[in-house]
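We count residues from 1, following the sequence as given. Only heavy atoms go into these numbers, but all of them, side chains included; no hydrogens, no water, no symmetry mates. This one's a predicted model, so the numbers in the text were calculated from it and none came from an experiment.
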Amino acid sequence: MNVYTPILVLGAIAAAFTVFSVVAASIIGPKRYNRAKLEAYECGIEPTPQPAGGGRFPVKYYLTAMLFIIFDIEIVFLYPWAVHFDSLGMFGLVEMLVFVALIGIAYAYDWRRGGLEWD
């Protein structure tokens, strides 16, 4: 248990600071609410009404999200492979080449479908 004591103390300090900051801000902070402050803020653009079901997103949104997920997954798997590259030998090299080829196919698909176009 002595090994985890510094981690628990740091977590308790972080939680206490968080609670203190939120409570202090609500007590000390100004309370001048008006109509403009209570509206949703969208980078200075007036919000447009949306249909009841939410509205449709363009396919490019999903293609861009898929591209980010592909590269995140690639990095998650490349890092441990790079750390243990020497011990994996030829098997690890071939497996990583297959993995990078599959990632390349997904990237090519996204590129072909227009996921990299920003119009």
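When the side chains of ILVMFWY residues are joined at heavy-atom separations under 4.5 Å, either directly or via intervening members, Val22 and Phe17 end up in two distinct hydrophobic clusters. In the hydrophobic clustering of ILVMFWY residues, with side-chain heavy atoms under 4.5 Å counting as a link, Val100 and Leu97 come out together.
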List, one per line, each side-chain donor-acceptor pair under 3.5 Å for residues 71-91, sequence neighbours excluded.
residue: Trp81; atom: NE1; partner: Gly92; partner atom: O; Å: 3.2
residue: Ser87; atom: OG; partner: His84; partner atom: O; Å: 3.1

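Taking OG1 from Thr5 and CG from Leu8, the interatomic distance works out to 6.5 Å, rounded to the nearest 0.5 Å.
Within the 4.5 Å cutoff, no side-chain heavy atoms of Tyr62 are placed close to those of Met66.
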